[in-house]
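This structure is a prediction, so every number in the text was calculated from the model and none was measured. Both backbone and side-chain heavy atoms feed into the values below; hydrogens, waters and symmetry mates do not.
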Amino acid sequence: MLTTILRSVIRQARRHPLYVGLNVFGLALGIGVFLALLLLVRFEYSYNSSLADVDRLFRLDTVASNPGTETHEYAGTTFYALPFLRQDFPEIKDSVRIEGEFLQVRLNGTLVTFQGAFVDPSILDVFGLQLISGQLNALGRPDGIVISENAAKRIFGTSDVLGRTVTVDDYGQMSRHIVTGVTKDMSGPNFLSDTEMMIPISPEHERISSCYSRWGSDCGNIYLKLRHVRDREFIQSHLHDFVMRRASGSDDSDIGLGPHPDKTYALTLAPLRNGRFYDAHVVASDDGVERNVIDGIGLVGLLALALACANAINLATARSVLRAREVAIRKTLGATRKALLVQFLGEAVVLTLVAGLIGVALCELLVLGIASLTGENITVSYGFVMAVLPLVILGCGLASGLYPALILSGYRPAHVLAAAKMPSGGRMAGRLRDGLVIGQFTIAITIIVGMLVIHQQTEFLKRADQGFVRSGLLIGSTIPSEDIATQQRMRDRLTAVPGVLAVTYGMLAPSPNNKSQTTFTYDGPTGPVRVHLLQDRGDENYFRVYQPRMLAGRWFDASRGQDSRPDYKKTPSAMTNIILNETATTRFGFAKPADAIGKVIAAGGRSATIIGVMADVRFESPRQSVYPEIMTFNPHFNTQFEQPIPAIRFSDVPAPEMERRLGLAWSSVLPDVQGHFQTADARLEKFYRGDEQRGRIFTLGAVASITIAALGLYGLSAFAAARRIHEMGIRKTLGATSLQVMMLLLRDFLRPVIIASLIACPIAWAIMRDWLSEFDERISLGPMSFMIAVGGALTIAGLTVLGQTIRLARAEPARALRAE
């Protein structure tokens, strides 16, 4: 039987190469896209799963419900809580604190940046990290450092580096460390995959950093390893009482959170298993990905495979009528329906096998492209692919071959041999073909609409008004020094760079690293209103550099003494003038920005008068609502800036050249700290990079879907042309013109595509409306995307069948009317 099947496949490929070629290529494309997207979905779902005992690992997150703001969960908490957690919850087996930092090492005279972290020595045991050299207590010595194999090769050119010395630059703070361990490359993706250096947290750092001694601050993450998975529910249910017991204090306490900390503060355990999806809704987490987006990508891959199978069914049912007489003769000679059914199913499986092998080659190419698009280390796992491929081949082979095999094996010999013309396969087969074409184009148009909406939303976010002028603006690294003389010298050097128009310092900038927040109170007509405000501070050049838009009142004036922020250490109760953003005035209850001018707000005994209201400035993710903000004024370095971020307005110089010039000026003041200047767009890119990358994945799915659908339509048009040539000859004999025949055929071919458009548009509208609702700023879901998708599908379908239509319409009646 196998020999018969192979011979039949070869014979069919020779007699009907077009049908067989379209069938195999369509299946190969569907299988290749499915496998490639399946590998991407597998990558995302396996995130953190390679960590030892991952089901018992949790991150301690903070849930903040500050006055006048939305409740958010933050991927971090104060390190001050950890000793109390260990005391109160014996269910915690182990824990580790991680404070991520970008560390620098000078190599060949150039500062090279590494992803590093200050950690507790327990990190190796908590996460089950393996070392290629060193011991599990490698971080036990204060001056030790554990580096990755990749970092060892970058620094020393070899991984055999135990005992060697590394001088690390942490924003100008130099420290020498002895390499006590080298980590092995991790087998799967996880949040530690990019960590190249681990340094023990020093007692001195614990002593001077507020996040180790106060409840209201944080600078990193706490990870807990529980004794049993079930302990999570117990700990979670008691964290409220824990906060009340441990974090409460007086209103003026620098350590506690007041007498009622539970009103604004809570702790929660975030699982590391599937943490990639959990973090999609957690602030200050860079690893989050929407689960429904990944599921959508997986669905696109599955639909591409379904389209390929539908294409194969369509082509096989169309081609089956060409083999009707073969079946009739074989049945006359004694062949049973069962034998024919097995043969035709076997042929479908063999063709799918060939397509599957081609699909694996396509998968290899597609995975390289997907890895490039997403920036993730996605590779082809041949063990996984070879485990899935037989199921795909068998499933697709049976799915695409069963119905045609039933049709072929069911032909009646007498009826077929007595017929004067080629059988059509019956009304059911015709309806099936039309239904499959409708289904194919419904899927393709839905994916195309999704691709277009994602692209439009991403481009909208890039061009949207952020509340400041981005062109001609460069943002620098945080200046680590709090010495006023150093800050002044840096600004003077940057200002002297040719092409620079103005230099300003601020506490916030696009994609800020550090944020300071304080609750202010306004005594309104209906009672006190408390709002938690994000604090920023600018100098006399801030308005010229960022160019925010004023909605009411005025900007700061250096000649007005009360505009300047006082030194509260010397005059703790001094009054100052401030500017709020529009969101802050709304949260305080003002009907319009002008109503806030002249009003007084206070915090901690310090009062401030509102002199201006500016439009919201968005420095963070477009998925998050704008935070209410307060701006204070610090002209001429009246007081020091705390880790200021320089911003430069420039003109008449290309941005790359200006970045180079500013870097040289920075090095003249802080040679041991890398001054990295970027455009505002580059700093904001990370907030929409994920949507942009996944939009390209949907583009891949859309191209594959429409290609497969077009292949099927082309095959059917070729079949229809062969079936209807006699009909067209009669029409032309009776007076029909070639144009009339062409329009008739195009109408028949495009009818399923039009029906598919009517079905796809409401489905795509519902899906994309739900996706857009996740953004604080978003496009309106207008008709343009749907018109482009439908128009594109009709155009592609029309061009696909145009050749067959023209050939059939131009056929000479005498030749067309010959006996079939």
Side-chain angles (χ1 to χ4, degrees), residues 75-76 79 96-120 123 139 144-156 166-177 179 182-183 186 190-202 205 208-209 211 218-221 279 284-288 375-377 474-482 490 507-515 619-620 642-647 659 662-663 666-667 669-680 682-687 689:
F79 291 164
V96 61
R97 298 169 296 183
I98 300 179
E99 186 175 348
E101 290 284 357
F102 286 106
L103 306 174
Q104 296 176 326
V105 176
R106 189 173 293 278
L107 301 177
N108 300 321
T110 303
L111 285 172
V112 179
T113 302
F114 293 84
Q115 177 67 56
F118 294 96
V119 301
D120 288 322
I123 186 172
L139 291 169
I145 183 173
V146 171
I147 61 178
S148 68
E149 185 176 4
N150 179 59
K153 292 178 179 178
R154 288 174 64 191
I155 299 172
F156 300 106
V166 179
T167 300
V168 175
D169 185 339
D170 179 24
Y171 288 99
Q173 301 294 320
M174 311 296 291
S175 57
R176 292 169 60 86
H177 299 272
V179 178
V182 178
T183 57
M186 300 183 183
N190 58 70
F191 78 100
L192 290 172
S193 296
D194 296 329
T195 302
E196 299 176 289
M197 294 183 172
M198 292 181 286
I199 300 174
I201 297 172
S202 68
H205 182 61
I208 64 175
S209 181
C211 61
D218 73 80
C219 56
N221 307 110
D279 285 349
S285 174
D286 296 331
D287 293 330
E376 303 287 2
N377 186 27
L474 289 175
I475 314 295
S477 304
T478 301
I479 298 175
S481 174
E482 296 186 6
M490 177 65 77
M507 296 171 63
L508 300 176
S511 184
N513 294 323
N514 299 306
K515 292 178 287 187
F619 282 160
E620 297 191 76
E642 297 175 2
Q643 295 188 337
I645 303 173
E659 292 173 11
L662 294 172
W666 174 290
S667 299
V669 179
L670 295 172
D672 294 327
V673 181
Q674 188 176 34
H676 189 47
F677 289 85
Q678 294 178 289
T679 63
R683 289 179 66 102
L684 291 169
E685 182 186 5
K686 73 174 186 178
F687 294 126
R689 185 190 305 128

S.K.: Among all residues two or more places apart in sequence or in another chain, which pass the salt bridge (Lys or Arg N to Asp or Glu O under 4.0 Å) test with Glu99?
M.R.: none
S.K.: Less than 3.5 Å apart, which donor and acceptor atoms pair up between the side chains of residues 192-200 and the rest of the protein, not counting sequence neighbours?
M.R.:
{"from": "Ser193", "atom 1": "OG", "to": "Asn190", "atom 2": "N", "distance (Å)": "2.9"}
{"from": "Ser193", "atom 1": "OG", "to": "Asn190", "atom 2": "O", "distance (Å)": "2.9"}
{"from": "Glu196", "atom 1": "OE1", "to": "Gln115", "atom 2": "N", "distance (Å)": "3.2"}
{"from": "Glu196", "atom 1": "OE2", "to": "Asn150", "atom 2": "ND2", "distance (Å)": "3.4"}
{"from": "Glu196", "atom 1": "OE2", "to": "Arg154", "atom 2": "NH1", "distance (Å)": "3.1"}

S.K.: Mind checking ring pair (Phe, Tyr, Trp, His ring centres under 6.0 Å) for Phe79 and listing every partner two or more places apart, or none if nothing turns up?
M.R.: Tyr212
S.K.: To the nearest 0.5 Å, what is the distance between CD1 on Ile645 and CZ on Phe619?
M.R.: 8.5 Å
S.K.: Do you know the tightest heavy-atom contact between Leu111 and Pro671?
M.R.: CD1-O, 4.0 Å
S.K.: Quick one: side-chain hydrogen bond (donor to acceptor under 3.5 Å, both in side chains) partners of Ser175, sequence neighbours excluded?
M.R.: His177
S.K.: Test: salt bridge (charged side-chain N to carboxylate O under 4.0 Å, His left out). Region: residues 102-120. Which pairs qualify, not counting sequence neighbours?
M.R.: Arg97-Asp120, Arg106-Asp672
S.K.: Holding to side chain to side chain contact (heavy atoms under 4.5 Å, CB included), I want the full list of residues that pass it with Ser477, two or more places apart in sequence or in another chain.
M.R.: Trp666, His676
S.K.: Can you sort out the partners of Asp279 under side chain to side chain contact (heavy atoms under 4.5 Å, CB included), two or more places apart, ordered by chain and number?
M.R.: Arg59, Val282, Ser285
S.K.: Mind checking side chain to side chain contact (heavy atoms under 4.5 Å, CB included) for Glu685 and listing every partner two or more places apart, or none if nothing turns up?
M.R.: Tyr688, Arg689
S.K.: I'd like to check the side chain to side chain contact (heavy atoms under 4.5 Å, CB included) partners of Ala152; sequence neighbours left out, ordered by chain and number.
M.R.: Ile147, Val161
S.K.: For Glu149, which residues count as a salt bridge (Lys or Arg N to Asp or Glu O under 4.0 Å) partner, sequence neighbours excluded?
M.R.: Lys153
S.K.: Quick check on Glu482: does its CD atom have over 12 non-hydrogen neighbours (other residues, nucleotides or ligands) under 6.0 Å away?
M.R.: yes
